[in-house]
Amino acid sequence: MMEIPLVVENLSFRYRDRQGAAIHNISFEAKAGEVLLIAGASGCGKTTLIRAINGLIPRSYKGEMSGKILVFNEEVKDWKLSQISQKIGTVLQDPERQILGTKVVNEVAFGLENLGMPREEIYKRVDEALEFLKISHLRQRETFNLSGGEKQKVALAGILALRPSIVLLDEPLASLDPASAQDTLDAVRTLADQGLSVFIVEHRVEDVLRIHPERVMFMSEGEIRYLGNIAGLSKVVNYREVKISAEEIEERAKQDPAPAEIHVLPGAASKGPEAEALVKFEDVAFGYDLEHEVLHGINLEINRGDVIAVLGPNGAGKTTFVKHAIGLLKPKSGRVLVDGHDTREASVAQIAQMLGYVFQSPSHMLFAPTVREELAFGPTNLKHSKEQIEQEVKEALRIVNLSEKENDPPLALSFGQQKRVSIAAILAMRSRILVMDEPTAGQDYQNYMNFMDSILQMPAFEAILFITHDVDLAVIYANRVLMVNDGKLVADGKPQDVLRDFDRLKANRLIPTSLLALNLKRFSATGRFMRAEALAHV
Amino acid sequence: MLVAWRYRKRENSFIQSFDPRAWVIFYACFLFSTLTFWDVRFLIPFFIIATYVLLTSGVKWHEIRRAFLFIVGFVFFFAILTFLTGRGGTEVYKEEHLIREFRASFSILGWTPVLKVTVERAFFAVSQLARISSIAIMTILIPYSLNPALYGITFKGVGLPDKFAYAMDLTMRFIPTFGRDFQLTMDAQRARGYELDKISGGIIEQVRKLGPIFVPVTIHAIISSEDIIDAMDLRAFGVGPRTWLDVLTYQFRDRVLIGFGVFILAVSIFVGVMGYGAFWVPDALIQLFP
């Protein structure tokens, strides 16, 4: 009889410092050669389940655990982590947090070195893993200089070199451009086809569905709500909770009332167009050192009423570009004008009154003892009155759905919640322009759609710009799309004009989504891009 | 993610022509030898060696300008401070010969500031400059010249156990990573209207107002350390003796360098034990200012 790679029986776990179980009575089996997609909202217990399977719980994360985990019929409770790691490989949420080696070859070899294998065997396995993932050309590259997609594959190669039977991937697509995500998913599919059991925890459900996972597990509040084939998923989950294909959403939304119309930037609409651009880039070039130029000749204006999505591959220069708008970086040549003032002649704090900038990583800014104080920090620096600050904080908390966390320490919240606090902290400053760097990365679908809806309807903003890898976000919210590649602005126009050109999308490592395809199909009737729920009622 | 120093392979670099283990051993010998002396005549050869290594390193001025100016500024600041206050030097000389005395025209609560320029203070400042500059020059070149991919095997090669060698590797890379995180946090807070240069209030209040910088940087460093530990645990780190993928092989010139370093150290210790190399001022100068 064939041994089952993994059996989980009545698994429950409560973190030592938290109340209530993070996962409760989880039971399932994983088969060899299958991809099991694990989906669910932030905080539903997905990562806890992964940690329990790979042994970090209870070895590194302490708490109360009950139930059993069997790997090839052996209970792993008394195994050392090194034993588990030879059977179960884990790619952590962010490859940046996993990569230790300075060169790709050293990184992939790390686990094998630790097991004290002979050097020849290590080289053999490293080359096999690199070849399997088609990244042999990266062998001697420095890990620090790799793109996001390359890092993800290198992290995976480091796991595959250990030849595990089970591979766990915790949100592997969170920071990848669509083409890199697709490459990673293709590699995952091949792994399963070769007989490995692959678990993939991911919010980008629609992307993973493209590789036809054998089963899907949907978790909610620490429990399994659904475990079965893909076809059954869309029947049991709310299409507002999990992102399924646009056709399915359209079909199911027909039975529901039409969604409320979003009135984008009502403040800008009431003021009408402004004579002068809010932000103006004039032939901007920039390099972090003398030898390499990162941005080349950027010319662009951000005007009142613009909702701009900035798309482009990992490492294209998108963040470098938007950091110029707030003056954190100054152009090497050309100039950036914010509200008519050259950013070279204004401090970042002065520009912050006009332009609010939400950083990619929340952990670089959160410091206050409570969420309320965290949110009050920016408006206090900008010398807003006490009453005004109180109102701004309350409003920002409501938008990101964290009103009940007002008195909690932000650093004790989950990553998704911290990200929302970081967005709220900038919303509370009530700048005229909002700039967000990947606001939805690592967020669950329902939460980010809700806060994007609310942000777009805030009367204070006159223009919004967001960097994203999510083409659908551009389809739903943007009225203008900028495409950045290799430090150049390669496209600037209405979403229906820029995103229609599939060759251009491909050249910029973007992949057309079902929502984009559906919108293009219905464009002659709608005259604009819409979300799938709205298309159901056209 | 741990970032590396700005190392790159440089053609015709003297320092890079050696095995990193040989260089680390030579550096350690150089460091301890330099610290043996206060006599500027003995320190000058070390300063010459350091300058030679700097000039033949292949490191471009624009690469090290910022770090170099910071360290030179730091060294000068402390040398001048010692010169002005006379503190520090009193441990190596017993009497002072006055060149000139400057007395302030005002008093604070009955105390009149006086600056005494003495032969010993002047020479102590010069010795201190030569000593610290030599060490600083040699140290500043390490991150630009040692291949980060070889940190671990280098420390293993000089006799550290696996775990310590890898810990040293991570520590070396933690410093630039910390610098990057500090800059990111500064940027994030500046974007929220925070201005470090406008912090006011008493000392305690000023420290409290640095919280928006130091709390995220510290927390981020702790979280990153936990991530690193998880990543290492998940790939069986520390379960037994590890294989180091890279292999380093000593060449003849490496043995010569190590021999030279050990020779310098042995001579320095011998000279020190024989009572030479302590703080020195020329007799002629003392006789000029009896």
Side-chain angles (χ1 to χ4, degrees), chain A residues 54-56 59-60 80-82 85-86 89-90 92 96-103 105-106 109-119 122-123 142-144 151 158-159 162 290 323 326 328 347-349 352-353 356-357 359 361 363-368 377-378 381-382 411 425-426 429, chain B residues 1-4 6-7 60 62-63 147-152 162 166 169-170 173 181 183-195 197-198 211-220 223-224 226-247:
Chain A
N54 67 22
L56 285 177
R59 289 160 191 80
S60 297
K80 286 183 180 165
L81 211 48
S82 58
S85 65
Q86 289 174 69
T90 310
L92 299 173
E96 292 227 342
R97 292 157 63 184
Q98 176 150 9
I99 290 176
L100 297 162
T102 44
K103 279 193 169 178
V105 60
N106 298 93
F110 182 75
L112 305 170
E113 289 179 306
N114 294 334
L115 295 172
M117 282 190 181
R119 215 167 264 121
I122 295 178
Y123 277 120
E142 287 177 1
T143 50
F144 179 59
K151 280 178 189 155
I159 297 304
L162 288 163
L290 292 174
K323 276 188 175 176
I326 194 163
L328 286 168
S347 71
V348 176
Q353 302 190 28
Y357 181 71
F359 273 66
S361 163
S363 63
H364 282 119
M365 64 178 266
L366 303 180
F367 73 97
F377 178 68
N381 288 331
L382 300 183
L411 291 163
I426 304 302
M429 288 163 61
Chain B
M1 182 179 182
L2 287 167
V3 297
R6 288 189 177 177
Y7 162 85
K60 299 272 186 291
H62 71 81
E63 291 177 79
N147 184 349
L150 301 177
Y151 287 164
D162 283 345
Y166 206 81
D169 179 330
L170 294 175
R173 289 188 285 143
D181 290 342
Q183 188 59 50
L184 273 170
T185 298
M186 272 293 289
D187 285 352
Q189 306 303 38
R190 284 165 71 208
R192 297 165 80 189
Y194 178 78
E195 291 179 287
D197 47 348
K198 289 194 180 163
I213 300 295
F214 286 109
V215 173
V217 169
T218 310
I219 297 289
H220 202 269
I223 293 170
S224 300
E226 284 177 358
D227 288 339
I228 289 170
I229 292 166
D230 283 354
M232 290 167 80
D233 282 346
L234 287 170
R235 283 192 285 164
F237 181 78
V239 294
R242 79 192 297 272
T243 307
W244 293 83
L245 194 61
D246 293 296
V247 182

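Only heavy atoms go into these numbers, but all of them, side chains included; no hydrogens, no water, no symmetry mates. Just so we're on the same page: letters track the sequence lines, and every chain starts at 1.
- With chain A as the partner, the residue from B:L184, B:V239, B:D187 showing the most heavy-atom pairs under 4.5 Å is B:D187.
- When heavy atoms are compared at a cutoff of 4.5 Å, B:M186 does not approach chain A at all.
- Contact annotation for A:M429: only side-chain heavy atoms (C-beta onward) come within less than 4.5 Å of a heavy atom of chain B.
- Note: A:A349 leads A:A349, A:G55, A:P118 in heavy-atom pairs under 4.5 Å with chain B.
- Of all heavy-atom pairs spanning A:T102 and B:A149, the tightest one is OG1-CA, 3.0 Å.
- Contact of B:V247 with chain A is made through the side chain alone, with heavy-atom distances under 4.5 Å.
- Per-residue counts of heavy-atom pairs under 4.5 Å with chain B were compared for A:G378, A:S363, A:S60; the largest is that of A:S363.
- Only the side chain of A:K323 comes within contact range of chain B, with at least one heavy atom under 4.5 Å from a heavy atom of that chain.
- Here the CE-OG distance, from B:M232 to A:S85, works out to 12.5 Å after rounding to the nearest 0.5 Å.
- In this structure, A:T143 and A:K103 approach most closely via the heavy-atom pair CG2-C, 3.8 Å.
- Partners of A:N114 according to the side-chain contact (heavy atoms from CB on, under 4.5 Å) rule, which considers only residues two or more places apart in sequence or in another chain, are A:F110, B:A236, B:F237, B:R242.
- In terms of heavy-atom pairs under 4.5 angstrom with chain B, the leader among A:L162, A:N54, A:L56 is A:L56.
- The candidate with the highest count of non-hydrogen atom pairs below 4.5 Å against chain A, out of B:D227, B:V215, B:I213, B:D169, is B:D227.
- Contact of B:Y166 with chain A is made through the side chain alone, with heavy-atom distances under 4.5 Å.
- Residue A:I326 comes nearest to B:A191 through the heavy atom pair CD1-CB, 3.7 Å, listed as atom of the first residue, atom of the second, then distance.
- In this structure, chain B has a heavy atom under 4.5 Å from the backbone of A:L366, while its side chain stays farther away.
- With a threshold of 4.5 angstrom between heavy atoms, B:P148 approaches chain A through its backbone and through its side chain.
- Per-residue counts of heavy-atom pairs under 4.5 Å with chain A were compared for B:G152, B:P216, B:A231; the largest is that of B:P216.
- Summarising the geometry of A:G101 relative to B:R173, their closest heavy-atom pair is C-NH1, 4.2 Å, with the distance given to 0.1 Å.
- Residues A:L100 and B:I228 have side chains in contact (heavy-atom distance under 4.5 Å, counting atoms from C-beta outward).
- Ring geometry for B:Y194 against A:F377 counts as tilted: the plane angle lies between 30° and 60°, on a 0 to 90° scale.
- Here A:H364 is the residue among A:H364, A:E142, A:M365 with the most heavy-atom pairs under 4.5 Å with chain B.
- Summarising the geometry of A:I122 relative to A:A109, their closest heavy-atom pair is CG2-CB, 3.6 Å, with the distance given to 0.1 Å.
- Contacts of B:L245 with chain A are made by both backbone and side-chain atoms, with heavy-atom separations under 4.5 Å.
- Partners of B:D246 under the side-chain contact (heavy atoms from CB on, under 4.5 Å) rule, at least two apart in sequence or in another chain, are A:N106, B:L150, B:I153.
- In terms of non-hydrogen atom pairs under 4.5 Å with chain A, the most contact-rich of B:D181, B:I229, B:I219 is B:D181.
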